[in-house]
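None of these values were measured; they are calculated from a predicted model.
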Amino acid sequence: MEELVIRDADVVDGSGGPSYRADVVVDGGRIVGIVQEAAAAGCQRPGARRELDAEGLVLSPGFIDMHAHSDLALLRDPDHTAKVAQGVTLEVIGQDGLSYAPVDDRTLAEVRRAITGWNGFGDDIDFDWRSVGEYLDRLDRGIAVNAAYLIPQGTVRALAVGWEDREATPEELDHMRRLVAEGMEQGAVGMSSGLTYTPGMYAKDAELTELCRVVAEYGGYYCPHHRSYGAGALEAYEEMVALTREAGCPLHLAHATMNFGVNKGRAPELLSLLDEALAAGADISLDTYPYTPGSTTLAALLPSWASEGGQEEILKRLTDEETAARIRHHLEVVGADGCHGVPVEWDTIEISGVTNQALADHVGRTVEESAKRLGEAPWVTARRLLLEDRLGSTILQHVGHEENVRAIMRHRVHTGGSDGILQGAKPHPRAYGTFPRYLGRYVRELGALSLEECVAHLTARPAARLRLPDRGLVREGYRADLVLFDPATVAAGSTFEEPRTLPTGIPYVLIDGRFVIEDGLRTDVLAGRAVRRTPV
């Protein structure tokens, strides 16, 4: 007899088609039977060793977070309730061009320092891997949710070239090609870039194109955090579309937003650009989170010339009065490339976390608010935070526009991605709330998407981008990565004031047919594994 039958569920199967009522049978980690209500009339209903009454609940495929920063959190926190409780059953990590494989000892130490604000320094982690394959093997020991990995182009460049602002030599470019090929062969699903972060931002288009050619050969996709989300945002999108078309590589645009005052109301221009490219045969998808503020590190705002050479060189420049004055001028007057070409507005920059707890009083305040309390200029406060926190401070950037968020999420190639940073005393609530917020706020309350459309955006569409042949739909033979939620009550509990509050209305989550959330509570099941690239 089969293991489980989920009885009388309203199935929203991920296809975008209308819901239907059915019994769904699970056995051996897969869906082995779907008996719709009409077909069941007058015949014996399926049985199993366990029955779950799903009356009033929607059954959908597990949600796929297309942009996650859980690279160390998956190893550090076996519960990983921040994502599991949202119904996330698969995360795509290795984002924004910086992560922990492939590395050597030097590069690993540099990367750990560079993205402490995203993932913590990792003192509690045994970094017993160096290659992509070894990292995926480490995940296979048992994690809370499944995880797919993108080769981080910035890390690859740090390993082959260093942190200098210069073109790669032919030998270094060959080295990078080999590293990308090896990572793809070992199971990565594509490559990411962080083109406003060092050292990835130092790569010219010709270099990126060559690496994308390698990714395309293995059936992967390119996921850039492109060169600007502010001034020049449309040009930055156009650059990525043209680059990947030349390389013959599918494109997935990371956290595809139009931010800052210069882009208010301009989402239709972006969508028109994408529609033209799609009509011409381009293979494009994108992800967004359903919030207006962004989140990154305070150090990310610095101009690229001030970040050349790595963390210690940045700190030296900030210590030097003359150089610090140049940095301030670029931030406040010119518009640093790290701040997307827009002069920084300190009243939009909220400190969300610090690594030096002596600075904890700044958390939850904008830089301008902290500066006023101290009776000093905002730059003075920001500089002190950068130096005394050794570049580890995380921030929220309140620079988004609701009309842009809604317009982009409706597009036919849209998927959901939390971009969730789990570090800091007050992280962005998207880390704990992205997926239930889509269902509660944007489906039930605002009607921006139908329920069937929204589930497709969060399940089948990302599974198709990842080329996963047996995930993302409720179908016989598919993996039993499933979510049961109440459409009348599902909601994000997380807020900017209480960002770690768990969602409501998601009582059951299964991965590989095993309950990881049961009756609204986290079980001790670690059913997640590395999801490797499907061979071409």
Side-chain angles (χ1 to χ4, degrees), residues 67 94-98 114-115 118 150-158 161 163-168 176 190-212 215 221-247 249-263 266-267 269-271 273-274 277 282 284-288 294-297 299-308 330-331 334-344 397 399-400 404 408 417 419:
H67 192 104
Q95 299 285 352
D96 294 333
L98 288 167
I115 54 176
W118 294 357
L150 294 167
I151 301 164
Q153 171 259 329
T155 301
V156 166
R157 197 172 213 271
V161 179
W163 296 73
E164 294 76 36
D165 183 2
R166 63 174 177 83
E167 290 190 24
M176 287 189 281
M191 182 179 75
S192 75
S193 283
L195 300 180
T196 65
Y197 300 125
T198 57
M201 69 191 307
Y202 300 137
K204 301 293 191 291
D205 284 2
E207 178 181 314
L208 296 170
T209 301
E210 288 303 307
L211 299 184
C212 283
V215 173
Y221 68 94
Y222 180 43
C223 179
H225 163 131
H226 52 274
R227 298 192 193 275
S228 177
Y229 292 83
L234 282 175
E235 293 79 2
Y237 282 113
E238 288 173 349
E239 176 191 8
M240 295 298 102
V241 171
L243 185 157
T244 50
R245 294 211 68 186
E246 182 178 347
C249 185
L251 172 64
H252 181 84
L253 295 164
H255 36 59
T257 56
M258 294 286 286
N259 287 340
F260 301 90
V262 294
N263 290 317
R266 297 187 69 190
E269 296 176 60
L270 168 61
L271 300 180
L273 165 67
L274 298 181
I284 301 173
S285 55
L286 59 87
D287 66 68
T288 70
S295 179
T296 186
T297 62
L301 305 183
L302 298 174
S304 57
W305 62 262
S307 301
E308 184 180 3
H330 274 258
L331 277 170
V334 176
D337 48 6
C339 196
H340 306 277
V342 177
V344 68
Q397 282 184 282
V399 293
N404 288 347
I408 294 169
D419 196 12

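Rounded to the nearest 0.5 angstrom, H67 NE2 and Q95 CD are separated by 4.5 Å. With rounding to the nearest 0.5 Å, the separation of CG in L251 from CG in L274 is 8.5 Å. Note that CD of E235 and CZ of R227 are 13.5 Å apart. Values are rounded to the nearest 0.5 Å. From E238, atom CD reaches atom NE2 of H226 across 10.5 Å, with rounding to the nearest 0.5 Å. Between T244 atom OG1 and Y221 atom OH the span is 13.5 Å, to the nearest 0.5 Å. Distance CG/N263 to OG1/T257: 8.5 Å, rounded to 0.5 Å.
Counting heavy atoms from C-beta outward, L208 and S193 have side chains that approach closer than 4.5 Å. Two residues are said to be in side-chain contact when any heavy atoms from C-beta on lie closer than 4.5 Å; D287 and H255 meet this criterion. No side-chain heavy atom of V156 sits under 4.5 Å from any side-chain heavy atom of M191. The closest side-chain heavy-atom distance from L234 to M258 is below 4.5 Å. Side-chain contact between E167 and E207: absent, with no pair of heavy atoms (C-beta onward) separated by less than 4.5 Å. Two residues are said to be in side-chain contact when any heavy atoms from C-beta on lie closer than 4.5 Å; V399 and Y229 fail this criterion. Residues N404 and L270 form no side-chain contact, since every pair of their non-hydrogen atoms from C-beta on lies 4.5 Å or further apart. Looking at E246 and L243, their side chains never come closer than 4.5 Å, going by heavy atoms from C-beta outward.
Between A277 and R245, the shortest heavy-atom contact is O-NH1, 4.2 Å. Here the closest heavy-atom approach between residue A247 and residue C212 is recorded as CB-CB, 3.6 Å. Contact between H252 and S285 at its shortest, heavy atoms only, is ND1-OG, 2.7 Å. Residues P343 and G341 approach most closely at CD-O, 4.0 Å, considering heavy atoms. The nearest pair of heavy atoms linking A256 to T288 is O-CG2, 3.6 Å. Taking both residues in full, the closest heavy atoms of L302 and S307 are given as CB-OG, 4.0 Å, listed atom of the first, atom of the second, then distance.
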### Task
Determine, stepwise, if the pair T198 / W163 fulfils side chain to side chain contact (heavy atoms under 4.5 Å, CB included).
CA-CA 7 Å; T198 57; W163 296 73; 4.1 Å; yes

### Message
Assess the residue pair L271 and I408 against the criterion (side chain to side chain contact (heavy atoms under 4.5 Å, CB included)); give the C-alpha distance rounded to whole Å, side-chain angles, the decisive distance to 0.1 Å, and a yes or no.
### Response
CA-CA 7 Å; L271 300 180; I408 294 169; 4.3 Å; yes

### M240 vs L195, side chain to side chain contact (heavy atoms under 4.5 Å, CB included): CA-CA, chis, key distance, verdict
CA-CA 11 Å; M240 295 298 102; L195 300 180; 3.7 Å; yes

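With 3.5 Å as the limit, one finds no donor-acceptor pair spanning the side chains of H225 and S192. Residues T296 and Y197 have side chains that bring a donor and an acceptor to within less than 3.5 angstrom of each other.
When atom types are taken as modelled, the side chain of Y202 and the backbone of E308 share a donor-acceptor pair closer than 3.5 angstrom.
Ring planes of H340 and F260: tilted class, angle from 30 to 60°.
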